[in-house]
Each structure stands twice: as C-alpha cells, then as structure tokens.
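All remarks here apply to the structure that follows.
Sequence positions, counted from 1, serve as the residue numbers for this chain.
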Amino acid sequence: MADIGLNCVPVYPDNPSIEKNMALCTSCGHCLAVCREEIGVAAHMTAGERFACVHCGQCVAACPEGALRVRDSLQAVRQAVQDPEKVVVVSTAPAVRVGLAECFGEPAGTFAEGRMVQALRALGVNYVLDVAFAADLTILEEGTELLKRLLSGKGTLPQFTSCCPAWVKYIETFHPERIPNLSSAKSPIGMQGALIKTYFAGQMGLDPEQIVTVTVAPCSAKKFEITREEQGSVGALLGIPTLRDNDYVLTTNELAHWIQEEKIPFRDLEPSPFDSLMGESSGAGLIFGNTGGVMEAALRMAYSSVTGKAPAELLLSYQPVRGMEQIKEAVVQLGEREVRVAIIYGTRAAEQLIQNGQIDSFDFVEVMTCPGGCISGAGQPSGKVVPVPDQVRERRIGALYRADQTRSIRSSLDNPEIKQIYDKFLDHPLSPQAERLLHTAYHDRSESH
Ligand code: SF4
C-alpha cells in the first residue's frame with residue numbers, strides 16, 4: 001500500500017461535504033486508517049497527489065476530536081423557510097427516522113417517523129414528503145433495468161447499484177472501466193428532487209422556480225451528489241439552466257440542531273403522516289437504509305415481475321442478504337433464471353472483489369460505502385463512542401426491518417402512489433420521460449479528481 005506521506009486525511013476548501021478545523025486535529029490518524037482500510041480511497045493515493053475524496057464522511061465519523069465535520073447547510077434552509085416567496089418541500093431519507101431520536105436522548109433504534117414529520121411541520125416547512133417513496137421508484141427503474149440486462153443477454157453484468165454517491169464516485173475515479181456496470185438509475189434523492197419540481201409542482205399548482213427542495217439524509221456524500229452537473233434535469237427540461245433538482249441536503253444531526261434551537265419538544269410531539277402524492281412508501285422502500293435493503297427490495301419486485309405473483313414469503317425477510325457481515329452472497333431463482341447477487345459495504349471490500357475478479361461471478365451487486373449501510377452515514381448521531389459501535393448500528397437496522405414488517409404494503413410494485421405517478425406522469429419504467437428525469441450518466445474522473 002502506498003505511503004501518502006501524511007498522518008491524516010487532507011480536506012480541501014472546495015470539498016462540498018466535509019470541512020476540517022486544523023486547530024483541533026491531533027494527527028491521531030484515525031481518519032486516514034478508516035479511509036485506507038474501510039473505504040480504500042487512501043490506498044489508491046500516492047504522495048503529493050491531489051487526494052480524491054468520495055465524500056462518504058467516514059473520516060468524520062471516526063474523528064475523536066471533532067476536527068472533521070460535515071458541512072452545514074442549516075442557515076440557508078432556515079432563510080428559505082422564512083422567505084414568503086418560497087415553497088420549501090422537505091423529503092426525509094429512510095435512515096433518518098431511526099437515528100434522529102438518539103439526538104434527544106432516546107435509545108438507538110427508536111423509530112420516530114411520525115414525530116420527525118411533525119417536527120418539520122413545526123419548523124415551518126410547507127410540505128413533508130418521503131424519500132422512501134422514491135426508493136420504491138428506484139426499485140422499479142433499477143429493477144426493470146436489471147431484468148432487461150438479464151433477459152436480453154446484451155447489457156453489462158453484473159449490474160452495480162448506484163444509490164450511494166460515494167460508491168459511484170469511487171467507480172468513476174478508480175475504476176472508470178466499470179462505469180457500464182453502474183445502473184443508470186439516479187439515487188432515490190436524485191429522483192425525488194426531479195419529481196418534486198415537475199410532477200408534484202404540476203399536481204399542486206406550484207411554480208417550480210418557487211420551490212426549494214431540501215432532503216434530510218444520514219449522508220455527507222449527498223451534499224456532493226446534488227452538485228453534480230447531471231442533477232439539473234428539471235432545468236434542462238424546462239429550459240432554466242440555473243434550476244437544480246435538489247437545492248439543499250441537511251443531515252440528521254443538522255435537523256436535530258434545528259429542532260433543539262427552536263425548542264420544539266421532540267419527545268412529546270404527536271406523530272404526523274407525510275403529505276400525499278410522494279409520501280407513501282412500501283416496506284421495501286424503507287429498508288433502503290440498511291445494507292442489503294436495496295437488494296431485498298429489488299428481489300421482491302423482480303420476483304413479482306417475472307412470476308406475476310406476490311413476493312414469496314422467503315423474500316419478505318430474506319436472511320441471506322441481511323446482517324453486518326461485510327460481504328454477503330445469495331442465489332435466487334427468478335423464473336427460469338438463477339440470479340447470483342452480492343451485498344457489500346465498505347468500498348475497500350468491493351475493491352478486493354474487483355481486484356480478484358470475483359465480482360464478475362455475480363449478476364447484481366449492491367455496494368454501500370458506510371458500515372451497515374446508510375444507518376451509519378456520517379450525518380447520523382455519533383454518541384459517546386466514536387465511531388458508533390455495531391450494537392447501535394444493529395438496533396437502527398432492526399428498527400427499519402420491524403417497520404417493514406408492519407407496513408401494509410411490502411413490495412414497491414404495490415405502492416399506490418407509485419402506480420399513480422406512472423399513470424399520470426411517467427407512463428412506464430424506462431419510458432422516455434423516466435429516462436429524462438430518473439436516469440443519469442457518469443463520467444471518468446480518474447484524471448480530474
Ligand atoms: Fe451516503 Fe449511504 Fe453511501 Fe453512506 S452508504 S455514503 S450514508 S449513501
């Protein structure tokens with residue numbers, strides 16, 4: 001492994017996700033260790049080279065001194081909420097609802113979906129929608145793409161998931177030859193923003209230029225993702241180049257600070273439901289927050305698409321793709337076809353499978369950068385022990401699986417708001433309209449990080 005001649009991860013002023021206070025840094029090296037051994041980025045770097053951050057923020061999660069921080073967007077969001085000319089639409093990612101309550105002294109794994117929505121209403125936002133809705137949509141688009149690649153025999157396999165922007169940037173930077181493996185589907189957040197300023201705006205009679213889209217996410221890399229050039233699909237469609245699909249990302253921690261600053265009694269709030277049109281989700285959409293969740297959701301959908309039947313009982317709690325093991329494998333029978341899948345967290349682990357060629361023995365590969373998936377993204381509460389122990393991660397994971405089990409809708413295909421958006425706006429998965437707003441392209445960053 002190359003020596004980069006540094007004790008800690010360098011953070012440049014133009015990093016859209018992470019910042020560093022050098023005065024607090026003791027050069028302990030925890031950040032560099034995680035970046036090298038878990039994420040694998042530092043392992044690619046050589047001394048003197050510009051450091052290619054993928055923005056996952058696991059260095060922040062490992063920093064015991066508070067020297068590394070996720071960049072804060074709260075001030076800009078507060079201003080938008082106070083501006084009477086703006087309509088602020090907030091969407092919350094699945095993992096936020098199982099992390100937020102920890103910031104208010106509640107046990108890890110407390111499921112606080114309804115109170116989170118009510119807190120956002122109390123903060124004055126105009127609409128509260130659910131990224132888990134767009135997770136269901138991602139499954140339809142990405143799952144249909146997978147079936148097309150599998151059944152036509154023409155597309156590149158294995159298909160890699162594309163919902164983790166740190167993983168996407170890792171491939172663009174260190175394995176551009178693997179870009180064709182990435183699903184062209186945007187992440188749920190990417191889809192949600194594009195649809196709020198088109199479909200939701202149209203249905204609600206809102207001017208897209210008036211809307212400010214805010215996502216609350218567990219993730220620092222999402223702050224980078226929304227700045228990607230390709231995330232201006234609404235502006236391209238409407239001929240307004242300055243219009244972005246997503247305007248701001250707040251982390252779970254930033255939302256908690258906002259609630260605390262406004263003295264909203266989070267623990268005593270009455271639960272509130274999401275707003276409709278883009279606020280309904282299946283259990284499959286919810287488990288996106290966990291390692292293996294995207295895979296399980298995709299398998300439920302693919303099974304129903306291929307067989308015409310509801311997902312088999314086995315796929316409603318599919319153990320081979322669950323748990324904190326870093327690399328998991330399974331073989332699933334879809335009609336006539338045996339499908340081999342892999343579930344990985346930590347880009348360093350994915351790198352090992354790429355290096356030894358094992359990755360090509362699979363048809364579909366889910367990669368999440370953070371340990372256990374988005375439930376331990378850099379924007380989640382850290383507690384007293386840094387980084388958060390696996391026991392905390394498992395409790396958050398357990399909370400999402402329990403919520404999945406109690407949802408009346410378990411498969412993305414059965415979400416009525418998903419059926420409605422295809423009927424009224426998108427037509428069908430991979431339609432021209434869906435390709436325009438819900439799919440994206442990637443580019444080689446090997447020379448330009
Ligand atoms: Fe963000 Fe989730 Fe990827 Fe972590 S695993 S970088 S939280 S998308």
Side-chain angles (χ1 to χ4, degrees), residues 91-95 97 111 113-114 117 128-148 150-151 161 163 183 185-189 191-192 195 199-200 203 273-290 292-319 321-322 332-335 339 341 364 366 399-431 433-434 437-438:
S91 304
T92 60
R97 69 205 74 191
F111 188 78
E113 180 180 276
V117 175
V128 188
L129 302 175
D130 199 353
V131 175
F133 162 85
D136 279 332
L137 197 59
T138 302
I139 284 303
L140 264 79
E141 294 294 329
E142 186 169 357
T144 305
E145 183 188 1
L146 174 66
L147 289 173
K148 198 171 153 193
L150 281 172
L151 302 176
T161 54
C163 36
S183 165
K186 284 182 183 170
S187 73
I189 285 171
M191 293 192 184
Q192 186 88 350
L195 290 171
Y199 169 70
F200 187 79
Q203 295 290 313
F274 289 102
D275 288 303
S276 53
L277 287 177
M278 296 174 62
E280 177 95 70
S281 69
S282 73
L286 265 188
I287 59 175
F288 257 60
N290 295 339
V294 178
M295 184 60 71
E296 187 167 331
L299 291 175
R300 290 181 195 174
M301 175 270 176
Y303 180 90
S304 296
S305 291
V306 170
T307 64
K309 297 180 197 157
E313 196 59 35
L314 175 76
L315 294 178
L316 295 178
S317 177
Y318 194 46
Q319 298 306 319
V321 304
R322 294 187 175 193
V332 188
Q333 193 70 36
L334 288 181
V339 179
V341 302
F364 191 28
E366 176 201 300
L400 284 180
Y401 283 134
R402 281 193 297 282
D404 165 36
Q405 268 167 355
T406 55
R407 278 283 207 264
S408 56
I409 305 161
R410 304 289 304 280
S411 174
S412 306
L413 278 170
D414 298 330
N415 180 340
E417 289 188 347
I418 293 289
K419 292 180 186 173
Q420 187 177 318
I421 200 170
Y422 279 111
D423 282 350
K424 289 190 170 172
F425 187 67
L426 292 169
D427 202 12
H428 56 82
L430 308 184
S431 70
Q433 180 78 316
L437 291 171
L438 309 183

Determine, stepwise, if the pair Arg300 / Asp414 fulfils salt bridge (Lys or Arg N to Asp or Glu O under 4.0 Å). CA-CA 11 Å; Arg300 290 181 195 174; Asp414 298 330; over 6 Å; no
What's the verdict on side chain to side chain contact (heavy atoms under 4.5 Å, CB included) for Tyr303 and Leu334, showing C-alpha distance, side-chain angles and the deciding distance? CA-CA 6 Å; Tyr303 180 90; Leu334 288 181; 4.1 Å; yes
Worked verdict on Phe274 versus Leu129 for side chain to side chain contact (heavy atoms under 4.5 Å, CB included): CA-CA 5 Å; Phe274 289 102; Leu129 302 175; 5.5 Å; no
Using the side chain to side chain contact (heavy atoms under 4.5 Å, CB included) rule, take Leu137 and Gln192 through it: C-alpha gap first, then chi angles, then the decisive distance, then the call. CA-CA 9 Å; Leu137 197 59; Gln192 186 88 350; over 6 Å; no
Tell me, with the steps shown, if Leu150 and Phe364 meet side chain to side chain contact (heavy atoms under 4.5 Å, CB included). CA-CA 10 Å; Leu150 281 172; Phe364 191 28; over 6 Å; no
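Pairing each heavy atom of Pro311 with each of Leu316, the nearest pair is CB-CD2, 4.2 Å. Residues Lys186 and Met191 come closest through the heavy atom pair O-CE, 3.5 Å. The shortest heavy-atom contact between Ala135 and Gly285 is CB-O, 3.6 Å. Closest non-hydrogen pair, Pro94 versus Gly289, comes out as CB-N, 4.1 Å. Smallest separation of non-hydrogen atoms from Lys309 and Ser304: O-OG, 2.8 Å. The minimum heavy-atom distance between Glu141 and Leu430, with the atom names listed, is OE1-N, 2.9 Å.
A heavy-atom distance below 4.5 Å is not found between the side chains of Phe111 and Arg402. Within the 4.5 Å cutoff, side-chain heavy atoms of Arg322 are placed close to those of Ser317. The shortest distance between side-chain heavy atoms of Thr138 and Phe288 falls below 4.5 Å. In this structure, the side chains of Phe425 and Leu195 come closer than 4.5 Å at one or more pairs of heavy atoms. Taking the side chain as every heavy atom from C-beta outward, Leu286 and Tyr401 never approach each other to under 4.5 Å. In this structure, Thr92 and Asp130 have side chains that are in contact, with non-hydrogen atoms separated by less than 4.5 Å. Using a 4.5 Å heavy-atom threshold, the side chains of Gln433 and Leu426 count as touching. Looking at heavy atoms from C-beta onward, Ser305 lies in side-chain contact with Leu413 at the 4.5 angstrom threshold.
Note that CD of Gln203 is 11.0 Å distant from CE of Met278, once rounded to the nearest 0.5 Å. Distance CZ/Phe133 to CZ/Phe200: 10.5 Å, rounded to 0.5 Å. One distance of note links CG of Asp423 with CD1 of Ile418; it measures 11.5 Å at 0.5 Å rounding. Once rounded to the nearest 0.5 Å, the distance linking CG of Leu140 with CG of Leu438 reads 10.5 Å.
The side-chain contact (heavy atoms from CB on, under 4.5 Å) with Glu296 is formed by just one residue from the set Ile139, Val321, Asn290; it is Val321.
A side-chain donor-acceptor contact under 3.5 Å links Glu366 to the backbone of Gly292.
Listed by first and then second residue, the side chain to side chain donor-acceptor pair (under 3.5 Å) pairs that reach into residues 273-289 are Arg121-Asp275, Asp136-Ser282, Ser281-Arg407, sequence neighbours excluded.
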